[in-house]
There are 2 protein chains.
Amino acid sequence: MDHPPVTQTFRDELSNLFGDRASFSLVLREQHSHGEGYSFQGMPDAVVFAETADDVADLVKLCRRHGVPVVPFGAGSSLEGHVAAVRGGVSLNMMRMNRILDVSVEALDCRVEAGVTREQLNAHLRTQGLFFSVDPGADATIGGMAATRASGTNAVRYGTIRENVLGLTVVTPSGVIIRTGGRARKSSAGLDLTRLYVGSEGTLGVITEVQVRLQGLPEAVLVATCQFDTFENAVATVTTALQSGLRLARIELLDEVQMRGCIGYSKLEGFAAKPTLFMEFHGSPAGVREDGAAMQKLALEFNGRHFRHAERPEERTLLWKARHNCYHATKWLCPGKDNMGTDACVPLSEFAACITETKQDVRDSGLIAPLVGHVGDGNFHLGIMHDRNDPDETARAEALAVRVAERAIRYGGTCTGEHGIGLHKRRFMEAEHGAALDVMRAIKQALDPDNIMNPGKMLPDRID
Amino acid sequence: MDHPPVTQTFRDELSNLFGDRASFSLVLREQHSHGEGYSFQGMPDAVVFAETADDVADLVKLCRRHGVPVVPFGAGSSLEGHVAAVRGGVSLNMMRMNRILDVSVEALDCRVEAGVTREQLNAHLRTQGLFFSVDPGADATIGGMAATRASGTNAVRYGTIRENVLGLTVVTPSGVIIRTGGRARKSSAGLDLTRLYVGSEGTLGVITEVQVRLQGLPEAVLVATCQFDTFENAVATVTTALQSGLRLARIELLDEVQMRGCIGYSKLEGFAAKPTLFMEFHGSPAGVREDGAAMQKLALEFNGRHFRHAERPEERTLLWKARHNCYHATKWLCPGKDNMGTDACVPLSEFAACITETKQDVRDSGLIAPLVGHVGDGNFHLGIMHDRNDPDETARAEALAVRVAERAIRYGGTCTGEHGIGLHKRRFMEAEHGAALDVMRAIKQALDPDNIMNPGKMLPDRID
């Protein structure tokens, strides 16, 4: 999309405000022009490194005066083009706002600046017997995770980031610093601005601080894996377990292709390239043993074999690290190819049908597309491997991704369970939300009338 | 507040649209002029009984054309004046929209019309091994509970209604019927309108259907009670239990005054009028036994005595019914007096200090004000008994209630954990939200520019 370059006046004012924390270097701008999703690029005119909420407010006020876009940038791990400066403007790097401001063991909460990453936070918490549960694959920033409504493997037990954010500090598109929510576990006091900003993808303001809930490390943890001869049996085991109320902290399904990648990339030993469940149980020592045994019994009914407990902590770490590295394992599987991720999430009642149709779709496409899912939430990803320089293959990959998203919506689900809309999924917003889209647009218009906050993202352009 | 009466033209159009489902009878209007909170009254000009979302849309469009307020009315159990037609207009009775539309055992969800009450839903679900967890004291409608962001005794384990609503059907202030959310457990697709409407108190539209999450009945349930000689020891037991990660499904604290009321009103046997914990554990048979034993051991450290298990289902029902009837027990304690409820919710780290100061405040006030709390969430209520015809006593009750709310905000909490703002708590919105209030106002203005949806509620009048 064409857009006017920023003026020299703007550049001067930016330099006056931020000194060498405002950069116009091509290298830096290129680094800030995209996230992990390669195909979404947009070169910013400048990069600014914020250190305080006041910095952000100053920048937003300046940009508003000049009608210049502001695009927040965290760890750059977005898969959907959220951070591409598609209309130019300033890429606002938040990574220097990385202080952990407050940890309360008593309240099980803490406040962090938006640029703190999840691994940084968990390293800080470990000695205090606490952890932050939301764990997308990447070592994303907490601010970025809040902005995209991220989740991960722990959501089935501890919720997504939506349930784990108590409050926010936000710089509004007018440059006003507001605080939403508070530290109470619940509140009925007024409109839930916290939840409005969670998932707003930088389109309504910039999140500068996040008050998050923490969890106590469970008394006992049991990790187990189980392999299946057929994909259908693995899925049936999951849905039956969930319906029977089995208390799962994590339950992840990797299909035979994904397992092949993980065995190779993450050096997993003793596994076959077959559909596999990775499971974790949290509770009292006797409780997790009961839960694990119940799950083993259930899996056996569906011919689940090699039900193994990962006894040693190193073994558990290896397994979950392999799970988090699925994205890279998939790329390892197809060297030189690109990975187009899908992110469907459907009601559990529709999961088996949806995933079976999806597997057939993959076969029909002739592409390699491993499947991995947070199946406890009905959320699964394909990593559609293709060569981006091959138009035919790219078109087939796109077509497969579109079918997956449309099917999810048809089944009462969503085109994105945790990656967000960004650029790539805007085309599904109409189908998923219908007339509710106008309400979203009215809110965007009311809060950001000049459309400076991450323009071109999330809401599809109106076709009048 | 003065407001012009509706015109004859409006009355005629209303009758044309709704026939005898539009009523102007004084008796009906009086019934719809208030909820449970006596001091908040506002007589509507008419009462309309909706049967479909289209009815609601027709009504809203008519009212918008005439600039007439629409005030949604469910079970009428609001304590904060939400349903008082303070600017006249139409009270929209939703109780005929009481169909349970769909129950999915597989997906653990169902869709209900807004007028379905929580007890109606749970009676319907019982034979299917499921339950809906959100349980405010009253048999409120699901729509009303969504509108006020209600919770209850189960929130510590299963979350408030915020976490248990998947999607909504809403009639916007323009009379458009939209659907928010979906049936997927999680989604990152666009602005979270579901959470925006949850807790919006009818100010942004009318909720006509709610898609809710259901829970499987737990395999094993253990209910226990424990009495303490001092209030401080009871509180210390709770906070220690929560910090140690004990898995509680419910934990309720009743002080000695509240227990005196419950023993008398609900005929509880074998209890002294002492600070008491009501607890429930959900899990596997061995798991709940372990959890119960751990709690008993912990309570003993704080001189908790008479740790009793309620073995029989009737006994459990009696206990939880007594808990839900605290409001009535308090009125029973002080015949002829009125009950002014408070609803503070604070971070768990501040709970002991906050509640100790509050107890001192009650003593200083010279009023009878039993305390009962969803202590797992840091939420507690006083029932401040007073004679509304005694100006001095009412003023002292008000002053006590104000101190409780202001203290909660000072401690990083909220003036209302679950009752909502309505009319009564608008005065605390500025202190609690500061500049964020302007964002709420901008959203209200954008979505309801004519201010017809429950005007005068939630947002304080702007003092320019």
Side-chain angles (χ1 to χ4, degrees), chain A residues 104 106-107 148-149 151 155 160 163 172 176 178-180 182-193 195-196 198-200 216 219 243 245 283-284 286-287 290 345-349 377-378 412-421 429 432-436 439-440 442-443 446-447 458, chain B residues 104 106-107 109 148-149 151 155 160 163 172 176 178-180 182-193 195-196 199-200 216 219 243 245 283-284 286-287 290 345-349 377-378 412-421 429 432-436 439-440 442-443 446-447 458:
Chain A
S104 168
E106 293 72 28
T148 48
R149 206 178 296 124
S151 59
T160 72
E163 287 78 33
T172 72
V176 176
I178 63 168
R179 284 180 80 136
T180 72
R183 288 183 63 209
R185 289 292 177 91
K186 62 184 194 185
S187 169
S188 294
L191 298 180
D192 191 349
L193 297 184
R195 248 52 57 178
L196 181 68
V198 168
S200 63
E219 193 188 352
Q243 284 153 24
S284 65
E290 270 189 328
C345 188
V346 295
L348 295 178
S349 51
D377 308 315
T414 176
C415 66
T416 173
E418 57 185 16
H419 293 170
I421 295 295
M429 286 291 279
E432 186 160 337
H433 296 293
V439 177
M440 295 185 200
I443 292 168
L447 301 188
M458 192 169 75
Chain B
S104 168
E106 292 72 26
D109 71 357
T148 49
R149 207 179 295 126
S151 60
T160 73
E163 288 79 32
T172 71
V176 177
I178 63 168
R179 285 180 80 136
T180 72
R183 287 183 65 208
R185 288 294 177 90
K186 63 184 194 185
S187 169
S188 294
L191 298 181
D192 190 348
L193 298 183
R195 248 53 56 177
L196 181 67
S200 64
E219 193 188 351
Q243 285 154 22
S284 66
E290 270 188 327
C345 188
V346 294
L348 295 178
S349 50
D377 307 313
T414 175
C415 67
T416 173
E418 57 184 15
H419 294 170
I421 295 293
M429 287 290 278
E432 188 161 336
H433 296 293
V439 177
M440 297 187 200
I443 292 169
L447 301 188
M458 192 170 75

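We name chains A, B, ... by the order of the sequence lines, and we start the count at 1 in each one.
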**OP:** Please look at A/T172 and chain B and tell me whether the side chain, the backbone, both or neither of the residue comes under 4.5 angstrom of a heavy atom of that chain.
**Re:** side chain
**OP:** Return the option, out of A/E418, A/E219, A/E163, A/E432, with the maximum number of heavy-atom pairs under 4.5 Å with chain B.
**Re:** A/E418
Subject >> Heavy-atom pair count under 4.5 Å with chain B, highest-scoring of A/A435, A/C415, A/G283, A/A189 >> reply: A/A189
**OP:** Answer whether the closest heavy-atom distance between the side chains of B/L191 and A/M458 falls below 4.5 Å.
**Re:** yes
**OP:** With a 4.5 angstrom heavy-atom cut-off, could you sort out which part of B/M440 is near chain A: side chain, backbone, both or neither?
**Re:** both
Subject >> Winner by heavy-atom pair count (cut-off under 4.5 Å) against chain A, out of B/G412, B/G378, B/A155 >> reply: B/G412
Original post:
Most heavy-atom pairs under 4.5 angstrom with chain B, which of A/G199, A/C345, A/G434?
Top reply: A/C345
Original post:
So do the side chains of B/L193 and A/I443 get within less than 4.5 Å of each other, counting heavy atoms only?
Top reply: yes
**OP:** Name the option with the most non-hydrogen atom pairs under 4.5 Å to chain B; the candidates are A/G417, A/G182, A/A446, A/A286.
**Re:** A/G417
Original post:
For A/S104, is it the side chain, the backbone, both or neither that has a heavy atom under 4.5 Å from a heavy atom of chain B?
Top reply: side chain
Original post:
Using non-hydrogen atoms only, which part of B/H433 is less than 4.5 Å away from chain A: side chain, backbone, both, or neither?
Top reply: both
Original post:
Just by distance, do the side chain of A/T416 and the backbone of B/S188 share a donor-acceptor pair under 3.5 Å?
Top reply: no
**OP:** Could you look at B/V176 and say if it's the side chain, the backbone, both or neither that has a heavy atom under 4.5 Å from chain A?
**Re:** side chain
Subject >> Largest heavy-atom contact set with chain B, pairs under 4.5 Å, which of A/G287, A/P347, A/S200, A/G216 >> reply: A/P347
Original post:
A/S187 versus chain B, heavy atoms under 4.5 Å apart: side chain, backbone, both or neither?
Top reply: both
Original post:
Are A/R185 and B/L348 close enough that some pair of their side-chain heavy atoms sits under 4.5 Å apart?
Top reply: yes
**OP:** Examine whether an atom of A/L447 lies under 4.5 Å from a heavy atom of chain B, and if so say whether it belongs to the side chain, the backbone or both; otherwise answer neither.
**Re:** side chain
Original post:
Any side-chain donor-acceptor pair under 3.5 Å between A/K186 and B/S151?
Top reply: yes
